[in-house]
*Asks:* 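Quick one: this structure, given as structure tokens, is what I'll be asking you about.
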Amino acid sequence: MLRFTLRRILQVAPTVVVVALLIFVIFSVVPGTFAVSLFADGKRAADPQLIARLNEEFGLNKPLMERFVTYVTDLARFDLGTSFRTRQPVVDLISDRMGASLQLSVAAMVFAIVVGVPLGFLAALRPGSILDTTTMIGAISGLSLPDFWFGLLLMYLFALQLNWLPSFGYGDGSLRNLILPAVTLGVAPLALLARTTRAGVLDVLNADFIRTAHSKGMSEAKVVRWHVSRNALVLIVTTVGLQFGSLIGQAVVIEKLFAWPGIGSLLVDSVAIRDIPVVQGTILVIVLWFLIINTAVDLVYAAIDPRIKQE
Amino acid sequence: MRLGFNFWLGATLTVLVIFAGILAHWIAPFDPVLDADLMNSELPPDATFWFGTDGQGRDVFTRILYGAQISLTVGIVSQVINSIIGVTLGMTAGYWGGWWDDLVNGLTNVMLAIPSLIFALAVMAVLGPGLPSLLIALGLTNWSWTCRIARSSTLSLKSQGYVQAAQTLGYGDLRIMFTQILPNMMGPILVMATLGMGSAVLAEAALSFLGLGIQPPFPSWGSMLTDARQLIQLAPWAALFPGLAIFLSVLGFNLLGDGLRDSLDPHMRTRKP
Amino acid sequence: MTTPLLDIRDLRLSVPLGRFALHPLLKGVSFQIMPGEAYGLVGESGSGKSVTSLAVMGLLKKPLAVSGGQILFKGQNLLALPKREMRRLRGNRIAMIFQEPMTALNPLSTVGRQIAEMFVLHQGKSWGEAEKLAVEALDNVRVPNPDRRVRNYPHQMSGGLRQRVMIAMALACSPDLLIADEPTTALDVTVQAEVLRLIKELCAARGTAVLFISHDLGVIASICQRVGVMYSGCLVEENETRALFASPRHEYTRGLLGALPRLGSRSEHGRQRLVDIDSIIADRSKLTESRFITPRELDGSQP
């Protein structure tokens with residue numbers, strides 16, 4: 001198992017490196033700079049001296065190669081640069097907000113699993129029933145829904161009209177603030193999870209070994225418990241893992257909508273004002289997170305399915 | 001080819017969106033950008049303004065119709081770009097193999113490592129907002145799935161008899177690829193492109209909502225929601241209809257894609273959510 | 001005259017075709033199996049032999065449904081039995097092994113656990129005791145190193161070993177009847193012989209009756225005392241094995257036997273073309289019109 005783990009990590013490493021380089025390359029060609037964007041709203045006349053001074057300060061005037069070397073050496077020391085706007089180290093900015101993003105992702109995933117998996121299971125056990133059809137319709141609707149619109153509607157209904165929940169913000173970090181954003185973010189994973197669980201369970205139910213299990217004299221309940229669950233679990237775990245990894249990326253819009261202080265909203269704000277170091281750093285962290293989760297999923301998959309380790 | 005309920009419902013919705021877009025100029029009672037009278041702002045739906053008006057006094061119904069043009073353009077163009085990139089890279093990678101295959105695989109892995117919305121965001125940050133940048137950004141995001149499918153199709157088709165026959169006849173590689181292999185993978189590619197249209201429309205809506213996509217005053221359904229958000233309590237209909245439009249069109253594309261996939265091969269498993 | 005262990009009386013089975021029609025799969029099949037007897041059911045694909053076995057086990061999936069007749073097991077009509085009672089019989093008194101051992105076993109569960117399930121399910125043993133009994137069961141089917149093999153997953157075993165596992169599972173509770181549906185068809189020829197011998201010896205030792213289903217006459221001949229020939233949902237001939245092979249009476253049986261390439265025939269009769277069954281049988285549609293069932297008293301075998 002250990003060897004398999006190491007092999008997987010080694011396979012991912014080159015991708016990380018390439019992504020880091022790609023990020024640098026993309027952002028080294030950003031037109032307009034942070035300095036210029038300060039005047040973008042047109043309220044003040046652009047002051048060329050100020051712009052020049054800021055560019056000098058941020059080292060944007062240095063040749064590309066030099067900037068590249070600085071970028072790489074900094075990365076090696078886990079230094080993601082300094083924010084143009086606040087002069088704080090990017091690493092600090094990110095770590096301050098990572099917690100909130102993780103909270104949101106975890107909450108959304110829990111919601112998706114708790115509702116989606118049982119629904120998918122039941123739908124597969126009773127194909128063609130009303131439950132099944134409703135679940136399928138719900139699933140495809142969930143995947144077609146613009147999540148921020150749904151969030152807006154929920155906000156309107158529960159916060160503004162009924163006043164049951166706060167309409168935005170992290171507040172004091174209590175559960176009440178987490179509910180709306182988490183449910184909004186969790187709808188798409190829920191839909192996907194319901195669909196894949198149903199497909200996975202149906203596949204298992206049609207397999208030969210289920211017929212063998214029945215021929216041994218097992219009741220439906222025991223067949224599900226002893227044979228269906230473990231085999232369907234593989235697909236479910238993989239889906240949960242992959243969804244969780246990309247959730248932090250999806251959360252960008254939701255964080256902005258609910259003014260949630262996570263790295264998603266940090267990214268959006270920084271893009272708007274061309275705070276390049278923060279943008280680069282945030283994207284790198286998000287991608288890293290995604291790759292870590294994917295690798296973890298692979299490892300869990302290998303732990304559940306004994307056939308994988310043979311490869 | 002059995003075409004089920006999914007397909008027909010999806011096709012109906014899609015056709016509706018297409019008609020809305022094409023006929024917007026003739027059906028719309030107002031101009032989407034110019035007819036903005038602040039005296040009429042935030043009016044609920046009535047006989048003149050079927051879907052009500054927004055914060056600038058513009059007719060929501062008109063803007064929804066014109067918004068369809070934007071959504072369709074984004075959906076179709078981005079998927080065409082996606083498919084071209086994906087098929088070209090995937091087909092050549094599968095056919096020629098070797099270092100080119102390794103390179104394409106590596107590139108695909110990198111692309112798959114970056115969540116698509118994040119990548120689109122980054123590209124928009126570089127290119128600046130607006131429709132052309134949006135088309136490029138979305139065209140560059142999801143080609144990796146198409147590439148994978150094109151590659152695996154090519155790998156399995158490469159060993160087919162008619163391909164080998166063409167090779168022995170001395171046909172050039174490119175000719176074989178485009179005449180023998182490409183036509184046989186059109187099915188799955190088409191399914192991916194249809195489902196991709198839905199993703200593209202959602203992505204555009206999200207980016208426009210964030211202010212990074214289509215800029216006001218152009219009537220993108222996503223940017224309509226940004227404005228509507230401010231007035232959510234005063235004019236909830238301004239938020240209802242654009243979102244509903246997005247939902248129904250994406251639903252249409254998804255159902256269409258699903259229906260196509262089911263009728264082409266019920267066992268086909270595209271891993272794209 | 002002892003009571004038959006399994007007594008199938010005029011079994012009819014059909015499947016809906018389109019919205020109004022019913023396609024008959026079994027058109028009134030009747031035969032009996034005595035306790036301890038090995039009975040072979042032979043026929044081509046589509047003759048209805050597999051579906052008969054599924055009907056006995058109660059494993060028919062919708063839309064297949066029994067439309068008439070009785071299946072008496074030790075005097076009880078299985079078709080009238082409530083589901084719970086049927087589950088108690090399945091695996092316990094009537095067991096079944098299938099054709100494809102790879103797909104018939106759960107790939108994510110150890111072989112030992114899958115055998116142990118039988119003991120936990122039907123004999124109320126704890127998992128610990130059951131696992132020990134599983135090792136014994138593997139030993140009984142002559143799997144080498146059973147204590148190690150118990151922890152193997154199906155994909156770590158060869159086809160022959162997997163089929164032995166299936167046999168071990170089926171015979172775990174010493175059932176009265178073992179139904180074997182083409183158990184050796186998916187195996188190599190060399191392994192086939194071993195597995196057949198195993199089935200024969202184990203069942204003889206425990207007095208387990210066998211309903212052996214196959215399209216392979218050679219395999220049937222090596223195990224079964226009595227053979228029933230099925231064609232298109234009907235039992236067209238039944239006789240004691242040797243008598244059937246020596247003097248087949250139904251046209252279809254003669255066709256089946258005639259189509260068998262015979263070892264040494266070239267030196268006897270010179271070069272001959274392989275005979276295709278349809279050149280022996282004149283008119284397939286007439287085949288179900290005649291039946292040649294030889295009752296047990298006449299053929300000299302014990303009633």
Side-chain angles (χ1 to χ4, degrees), chain A residues 1 4 121 124-129 132 196-197 199-241 297-311, chain C residues 50 53-54 56-62 83-111 113-123 127 151-156 162 165-166 169-170 172-173 175 178-181 186:
Chain A
M1 188 65 190
F4 183 77
F121 237 104
L125 289 176
R126 298 183 197 334
S129 64
D132 185 24
T196 35
T197 305
V201 172
L202 270 181
D203 257 1
V204 172
L205 283 176
N206 284 328
D208 279 349
F209 62 84
I210 295 296
R211 183 180 55 172
T212 310
H214 280 298
S215 77
K216 287 185 190 170
M218 269 187 240
S219 63
E220 184 82 38
K222 280 218 174 69
V223 170
V224 169
R225 229 181 330 135
W226 288 358
H227 288 274
V228 177
S229 304
R230 190 178 324 177
N231 294 61
L233 202 64
V234 175
L235 189 61
I236 296 175
V237 165
T238 319
T239 314
V240 167
V297 168
D298 275 351
L299 296 177
V300 171
Y301 190 100
I304 298 182
D305 188 337
R307 293 173 287 185
I308 301 298
K309 276 180 275 189
Q310 310 279 74
E311 292 167 21
Chain C
S50 291
S53 62
L54 290 176
V56 172
M57 288 290 279
L59 290 177
L60 288 172
K61 271 189 173 173
K62 295 190 266 247
K83 283 210 191 130
R84 260 185 110 207
E85 297 295 319
M86 191 64 212
R87 279 205 302 266
R88 268 198 226 134
L89 289 180
R90 245 185 250 136
N92 203 2
R93 306 281 95 227
I94 315 178
M96 188 158 176
I97 56 181
F98 300 93
Q99 182 173 339
E100 281 283 359
M102 183 62 224
T103 50
L105 291 171
N106 187 340
L108 299 187
S109 185
T110 60
V111 149
R113 159 116 190 181
Q114 296 187 55
I115 300 178
E117 277 174 6
M118 295 297 277
F119 300 113
V120 173
L121 213 52
H122 294 293
Q123 294 177 356
W127 282 105
R151 285 188 296 269
N152 274 163
Y153 287 92
H155 68 278
Q156 292 172 300
R162 275 181 245 137
V165 169
M166 294 279 319
M169 277 191 331
C173 302
L178 172 71
I179 305 182
D181 189 353

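Quick note on labels: first sequence line is chain A, next is B, and so on, each numbered from 1.
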*Asks:* Please look at C:Met102 and chain A and tell me whether the side chain, the backbone, both or neither of the residue comes under 4.5 angstrom of a heavy atom of that chain.
*Replies:* neither
*Asks:* C:Pro175 versus chain A, heavy atoms under 4.5 Å apart: side chain, backbone, both or neither?
*Replies:*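 No part of it gets close to chain A.
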*Asks:* Of the non-hydrogen atoms in C:Leu105 and A:Phe209, which two are nearest, and what is the gap between them?
*Replies:* C-CB, 3.5 Å
*Asks:* Which atom names give the shortest non-hydrogen contact between A:Thr212 and C:Ala104, and what distance separates them?
*Replies:* OG1-O, 2.7 Å
*Asks:* Considering only heavy atoms, which portion of C:Met86 lies under 4.5 Å from any heavy atom of chain A: side chain, backbone, both, or neither?
*Replies:* neither
*Asks:* Tell me which of these, C:Met96, C:Glu117, C:Met118, has more heavy-atom pairs under 4.5 Å with chain A than the rest.
*Replies:* C:Glu117
*Asks:* Only counting residues at least two apart or in another chain, list the ones meeting side-chain contact (heavy atoms from CB on, under 4.5 Å) with A:Leu205.
*Replies:*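 A:Leu125, A:Val201, A:Val228.
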*Asks:* Let me know if C:Lys61 has heavy atoms under 4.5 Å from chain A in its side chain, its backbone, both or neither.
*Replies:* side chain
*Asks:* Locate the shortest heavy-atom distance separating C:Leu59 from A:Ser215; write the atom from each residue and the value.
*Replies:* CD1-CB, 3.7 Å
*Asks:* Please classify the contact of A:Val234 with chain C as side chain, backbone, both or neither, using a heavy-atom distance under 4.5 Å.
*Replies:* side chain
*Asks:* Checking A:Arg230 side chain against C:Ser109 main chain: does a donor-acceptor pair fall under 3.5 Å?
*Replies:* no
*Asks:* Side chain of A:Lys216, backbone of C:Met169: donor and acceptor closer than 3.5 Å?
*Replies:* no
*Asks:* Could you give the distance from NE2 (A:His214) to CZ (C:Arg87), rounded to the nearest 0.5 Å?
*Replies:*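 Answer for the NE2-CZ pair, A:His214 versus C:Arg87, is 10.0 Å.
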*Asks:* Where on C:Ala95 is there a heavy atom nearer than 4.5 Å to chain A: the side chain, the backbone, both, or neither?
*Replies:* neither
*Asks:* Which answer fits C:Arg113, side chain, backbone, both or neither, if we ask what part of it has an atom under 4.5 Å from a heavy atom of chain A?
*Replies:*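 Just its side chain gets close to chain A.
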*Asks:* Against chain A, label C:Leu108 side chain, backbone, both or neither, depending on which of its atoms sit under 4.5 Å from a heavy atom there.
*Replies:*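 For C:Leu108, backbone and side chain are both near chain A.
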*Asks:* Measure the CD1-CG distance between A:Ile210 and C:Asn106 for me, rounded to the nearest 0.5 Å.
*Replies:* 7.0 Å
*Asks:* Quick one: CZ on C:Arg84 to OG on A:Ser219, what's the gap to the nearest 0.5 Å?
*Replies:*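 Reported to 0.5 Å precision, the distance equals 9.5 Å.
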